[in-house]
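Since the structure comes first, as structure tokens, the remarks are kept for the end.
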Amino acid sequence: MGKSDFLSPKAIANRIKSKGLQKLRWYCQMCQKQCRDENGFKCHCMSESHQRQLLLASENPQQFMDYFSEEFRNDFLELLRRRFGTKRVHNNIVYNEYISHREHIHMNATQWETLTDFTKWLGREGLCKVDETPKGWYIQYIDRDPETIRRQLELEKKKKQDLDDEEKTAKFIEEQVRRGLEGKEQETPVFTELSRENDEEKVTFNLNKGAGSSAGATSSKSSSLGPNALKTLGSAASVRRKESSQSSAQPAKKKKKSALDEIMELEEEKKRTARTDAWLQPGIVVKIITKKLGEKYHKKKGVVKEVIDRYTAVVKMIDSGDRLKLDQTHLETVIPAPGKRILVLNGGYRGNEGTLESINEKTFSATIVIETGPLKGRRVEGIQYEDISKLA
């Protein structure tokens with residue numbers, strides 16, 4: 001087995017050595033070549049290719065340093081963003097992970113002499129948040145990606161909207177409670193000392209009355225249960241019967257809606273008015289309204305077999321059986337005859353199947369009966385034509 005054989009022990013040892021990191025003093029950044037020992041580095045420095053690279057660098061050394069500095073900064077920040085995100089981390093941890101890659105840019109080829117100088121520069125440029133602790137310098141990446149900023153703004157807007165809705169609901173409940181308490185005299189409880197004048201006296205509690213009457217009955221005497229007790233109870237019962245007969249004789253007043261009922265109505269109205277710009281659903285019948293496909297498909301009907309990216313549908317033509325990929329702007333809904341099944345495509349009843357009851361041509365709306373979901377059996381009027389479509 002020759003010395004130059006691929007499977008020779010020396011060749012295998014050389015490949016194992018070349019995988020790991022070598023000493024920095026035997027690395028040539030200009031040629032991006034790593035030497036294994038001092039003799040190899042000396043031979044490389046005397047080579048013709050290295051001399052040509054030095055001549056090129058001597059013409060404009062600042063350009064090469066700026067290039068290496070920019071590469072080092074971009075790779076370092078990319079690793080920090082991808083590996084640690086916006087977490088606070090020690091700068092040496094990030095640097096050790098960065099230099100573990102064999103083809104990295106060495107810091108001695110950049111404008112920064114130490115990792116501390118580079119960390120301070122990141123803080124001054126506003127690329128990271130840096131702070132010094134007894135354990136060293138810590139950095140935190142500042143994500144300035146427009147997409148990330150847009151998502152954060154949308155999340156904050158949604159949180160603010162939810163908070164506003166909760167505040168409106170709380171104010172509405174407070175208003176309902178205040179209106180319910182108007183015209184009613186609030187009974188203030190009267191507190192008396194719990195005491196007995198005689199050791200043989202019994203202390204009783206009446207839990208069937210209000211707070212004031214129960215407090216007054218806490219120290220009733222046993223003598224009150226004498227011969228006149230039955231007469232007193234009988235007179236009280238007659239008075240209650242008289243009051244109940246008078247109240248039943250009065251005309252019944254219209255019952256006020258409770259706060260819970262009004263909140264449920266508001267939520268239902270909110271869902272009813274919720275709309276979206278994407279209305280395509282699989283299984284509905286649509287009509288092609290674009291003339292770009294020719295007269296063969298213009299005003300022809302098809303069935304939506306698949307929805308792609310919310311706004312694009314694969315439509316199978318009913319007449320010819322052809323499959324077309326169309327945008328929803330080139331399609332319109334199909335209103336069936338009364339009594340046929342439909343699917344609600346928009347609004348608060350989106351996704352529910354129903355039956356078309358009648359059509360109002362003057363207002364371009366329809367009346368439907370919901371057949372699925374928790375609102376099954378509900379009759380809904382004023383549904384626009386574009387919000388419903390025939391089911392295949």
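None of the values given here were measured: they were computed from a predicted structure.
At least one side-chain heavy atom of Lys325 sits under 4.5 Å from a side-chain heavy atom of Thr312. With a 4.5 Å cut-off on side-chain heavy atoms, Ile318 and Val285 count as touching. Here the side chains of Tyr311 and Asp277 are in contact, with some heavy-atom distance below 4.5 Å. A 4.5 Å side-chain heavy-atom check between Ile99 and Asn96 finds at least one atom pair inside the cut-off. The shortest side-chain heavy-atom distance between Trp279 and Asp387 does not fall under the 4.5 Å cut-off. Residues Leu326 and Val286 are not in side-chain contact: their nearest non-hydrogen atoms beyond the backbone lie 4.5 Å or more apart. Within the 4.5 Å cutoff, the side chain of Ser47 has heavy atoms near those of the His44 side chain.
One N or O on the side chain of Asn360 and one on the backbone of Lys362 form a donor-acceptor pair closer than 3.5 Å. Judged by distance alone, with hydrogens and angles left aside, the side-chain atoms of Thr333 form a donor-acceptor pair with the main-chain N or O of Tyr385 at under 3.5 Å. No donor-acceptor pair under 3.5 Å is formed between the side chain of His330 and the backbone N or O of Lys292. With hydrogens and angles disregarded, no donor-acceptor distance shorter than 3.5 Å links the side chain of Gln140 to the backbone of Asp131. The backbone N or O of Ile284 lies less than 3.5 Å from no partner atom in the side chain of Ser389, so there is not a single donor-acceptor pair. Looking at Asn346, its side chain does come within 3.5 Å of a backbone N or O of Thr276 through a donor-acceptor pair.
Ring planes of Phe76 and Tyr98: perpendicular class, angle over 60° (limits at 30 and 60°).
Rounded to the nearest 0.5 angstrom, Glu97 CD and Leu80 CG are separated by 10.0 Å. We find the CZ-CE distance between Arg323 and Met317 to be 12.5 Å, quoted to the nearest 0.5 Å. Annotation: the span from Asn91 atom CG to Trp137 atom CH2 amounts to 9.0 Å, rounded to 0.5 Å. To the nearest 0.5 Å, atoms CD1 (Ile388) and CG (Leu343) are separated by 10.0 Å. One finds the NZ atom of Lys390 at 11.0 Å from the NZ atom of Lys287 (value rounded to the nearest 0.5 Å). Here CG of Asp327 is found 10.5 Å from CG of Asp309. Values are rounded to the nearest 0.5 Å.
For an aromatic pair to be called close, the ring centres must be under 6.0 Å apart, and Tyr95 with Phe118 fails this.
Each of Val303 and Leu391 belongs to its own hydrophobic cluster when Ile, Leu, Val, Met, Phe, Trp and Tyr are linked at side-chain heavy-atom distances under 4.5 angstrom. One hydrophobic cluster holds both Leu345 and Leu331 under the rule that ILVMFWY side chains link at heavy-atom gaps under 4.5 Å. Under a hydrophobic-cluster definition in which Ile, Leu, Val, Met, Phe, Trp and Tyr are linked whenever side-chain heavy atoms come within less than 4.5 Å, directly or via other members, Tyr67 and Phe72 are assigned to the same cluster. Cluster membership for Trp112 and Ile93, using ILVMFWY side-chain heavy atoms within less than 4.5 angstrom, is shared. Hydrophobic clustering places Ile335 together with Tyr349 (ILVMFWY residues linked when any side-chain heavy atoms are closer than 4.5 Å, directly or through intermediates).
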- side chain to side chain contact (heavy atoms under 4.5 Å, CB included) evaluation trace for Val89 with Arg83: CA-CA 11 Å; Val89 63; Arg83 176 68 175 81; over 6 Å; no
- What do the steps show when you test Leu324 against Ile288 for side chain to side chain contact (heavy atoms under 4.5 Å, CB included), and what is the final call? CA-CA 10 Å; Leu324 305 176; Ile288 299 177; 4.0 Å; yes
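The pair Glu174-Lys171 fails the salt-bridge criterion, with no side-chain N (NZ, NE, NH1 or NH2) lying under 4.0 Å from an Asp/Glu carboxylate O. Salt bridge status for Glu154 with Lys157: absent, with no side-chain N to carboxylate O gap under 4.0 Å.
Residue-environment remark: CD (Glu125) exceeds the threshold of 12 foreign heavy atoms within 6.0 Å. Glu48 CD: 12 or fewer foreign heavy atoms inside a 6.0 Å radius.
Arg341 approaches Pro336 most closely through the heavy-atom pair O-CG, 4.3 Å. The two residues Val130 and Gly123 come nearest to each other via the heavy atoms CG2-CA, 3.8 Å. Scanning both residues, His298 and Ile289, for their nearest heavy atoms gives CE1-O, 3.4 Å. Contact record, Ser320 with Tyr297: OG-CE2, 4.3 Å, taken as the closest heavy-atom pair. The minimum heavy-atom distance linking Ala278 with Gln328 is given by the pair CA-OE1, 3.8 Å. Summarising the geometry of Gly339 relative to Thr355, their closest heavy-atom pair is O-CG2, 3.6 Å, with the distance given to 0.1 Å.
Figure legend: Arg88 and Tyr138 shown as a cation-pi pair, the cationic atom lying under 6.0 angstrom from the six-membered ring centre and within 45 degrees of its axis.
No donor-acceptor contact under 3.5 angstrom links the side chains of Glu357 and Thr367, judged on distance only.
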